[in-house]
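The sequence lines fix the lettering, A, B, ..., with proteins before strands; numbering per chain opens at 1.
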There are 2 protein chains.
Amino acid sequence: MKLRHLVCACALASMSFAPALNAQTIETERADIELQTVAQGLENPWGLAFLPDGSMLVTERTGTMRKVGADGEVSEPLTGLPEIFVRGQGGLLDVAVDPNYADNGWIYFSYSEPGDGGNSTALARAKLDGKALVELELIFSQQPKVSSNNHFGSRIVFKGDGTLFLTLGDRYSRMDDAQTLDNHHGKVIRINTDGSVPADNPFVDTEGALPEIWSYGHRNMQGATVHPQTGELWSGEHGAQGGDELNIDRAGLNYGWPVVTYGEDYGGGKIGEGFKKEGMETPIYYWLPSLATAGLTFYTGDVFPKWKGDIFVASLRAETLSRLDIEGERVLHEERLLADELGERLRHVVQGPKGYLYLLTDASDGKIIRIAPAD
Amino acid sequence: MKLRHLVCACALASMSFAPALNAQTIETERADIELQTVAQGLENPWGLAFLPDGSMLVTERTGTMRKVGADGEVSEPLTGLPEIFVRGQGGLLDVAVDPNYADNGWIYFSYSEPGDGGNSTALARAKLDGKALVELELIFSQQPKVSSNNHFGSRIVFKGDGTLFLTLGDRYSRMDDAQTLDNHHGKVIRINTDGSVPADNPFVDTEGALPEIWSYGHRNMQGATVHPQTGELWSGEHGAQGGDELNIDRAGLNYGWPVVTYGEDYGGGKIGEGFKKEGMETPIYYWLPSLATAGLTFYTGDVFPKWKGDIFVASLRAETLSRLDIEGERVLHEERLLADELGERLRHVVQGPKGYLYLLTDASDGKIIRIAPAD
Ligand SMILES: [Ca+2]
Ligand SMILES: [Ca+2]
Ligand SMILES: [Ca+2]
Ligand SMILES: [Ca+2]
């Protein structure tokens, strides 16, 4: 086993770039690109984060985390993860590296946590010692736990002020909870990176409200990122019966679910009261029919100069990477990429340290794919 | 001839609705609709306006105006039009009925006017006496005239304060003129309905500027409408090499053409300096690739309650009717209708007095088509 890895590493190390998926140059509106397979054989990869040395941490929803070298070498599963509920949409989910990793070594990951009453999304942190996760700390656990296999969220986003956001799904069976503040269903929460509650959270002084809550009335957000200039949280949310939303999640505001939704009125009857209601936020943009939006990121790199400031959104059902041209808080234009050329369910999109984009395909033989400029 | 018309009228009068194009119910995101042919055999119809009695005036680009009864009867060409330059994109263009028509009887129409140096877009008004246009007045003539068959604009929109807007193309061969105020190329103009210049126009006190100018830096706007609440002018503009724009045209502002454009960088080289520039307005939304957008309107009727507040945009090349869900100054969502079910170049979309939408197809056997709720 060790020998096989050694051979692989040598073979890969001899290539200066990951191999192109095929020789195809893909012409898009603002860039000619090619796809390069960085790694494959991953089981439903969900989260991806870069370490300072250019290597990556990747989660598999089936409950493992691996390290992937800058050269594409995939490690054995890291040891030291907590017990994880792996079923339906549940499992090991996002992973994030502390902005001060060089100083403190913390790695954060979200997962479905089994426990009394069922399961819920939890957030833990640990440090990496070789191929072991050590000094494990559970820093947040969604309340209450329920018996459900769906809508766990969950993306981890650093706000840049020593706090982080975690997006939390409505657990599907508990959608009405999204409108009340006595639970963590259908919420964005904000906590300090050690799990304590920031004193300036919007509901810390509200009786009966859970103090971690940042915004509410959400359904299931599998994409979230911070705007590179404003520092605000932008998130993508799966709509019911369509109507995936892009929102700017602001402190204390209600994003409407399940009262208002842009989902289609199928024969099954209307879910909400309509599209809009006083006191509930309207999204920036919505997709109907649903793409099943997943991870998203602002592009800030130099490799694709005409993509600067755009949002990229990975989608599962539509198997596309949407590029949204953003002006202030408006979507000026949407371009849908890769549905024809790749045709795979996309779970996530991340910008790497050198300005390339990296995709995770959602498959039992899942890949990390790099988007590079065509030669 | 008279007898034939009489027979037609009786036959049509016995039907309470225009015949459906076919029995098909078209399911859309927010309404189930059907298409009804109101009239056919029109030569490249361009403009459509309703008279208070429910009958319509329709222009044919080939240089004729006809009256169409509420029952669909199409008249012989009205007499009394001025001389019209009919070639390329030129001909008889838009038609509009004065908001105070019941009192004053004025009908306005735009057209390509031949004259010294070539041709340009002109605006005239007249009154209807049976099948004759009488009391003809030329109220505006675009300066200068040039030898070009392209980019005439032109939509006529009443602002609701006794003035009207007319959109004027850059004439294609004179695109740089769009950036200077000493001409009417690539401009929106605002005049009183008698052709005089409103004292509060933005450039009335600017030396060397033509006083009719409202906004500049435009290319070719074939769609324009006033927002039902704000009263602002919203226009659709053909982009070069793609990049059709939706703009809110505000007094004195520069909309960038040909300096900035969202058109694609084809091999042919870049037209402008990029997408954005200080002092030039960014559109609300853009289409790339181009749909070749034409007429547009806000929907304010009750027949389709879930379309209220949306903008509908007819397009030529894409043969679609785009529905834009508008929130403030944001496009939340675009739905493209009818490309599959109708598949015709669409020159214009107008809301009728009862809240139905009416389309003009751009063909030598052009039609007026009504969109009605499916039974
Ligand atoms: Ca919402
Ligand atoms: Ca952009
Ligand atoms: Ca422009
Ligand atoms: Ca709407």
Please confirm whether B:Arg370 makes a cation-pi placement over B:Tyr358, using NZ or CZ under 6.0 Å from the six-membered ring centre and within 45° of the ring normal.
-> no
A:Glu329/A:Arg250 ion pair, N-O < 4.0 Å = yes
Please confirm whether A:His227 and A:Phe298 have ring centers closer than 6.0 angstrom.
-> yes
Give the ring-plane orientation class for A:His151 versus A:Tyr172, where under 30° counts as parallel, over 60° as perpendicular and anything between as tilted.
-> perpendicular
Look at B:Glu335 together with B:Arg30 and state whether they make a salt bridge at an N to O cut-off of under 4.0 Å.
-> no
Give me the contact list for residues 228-237 of chain A versus chain B, heavy atoms only, anything under 4.5 Å, ordered by residue number.
-> none
Quick one: list whatever passes side-chain hydrogen bond (donor to acceptor under 3.5 Å, both in side chains) with A:Asp302, sequence neighbours left out.
-> A:Lys308
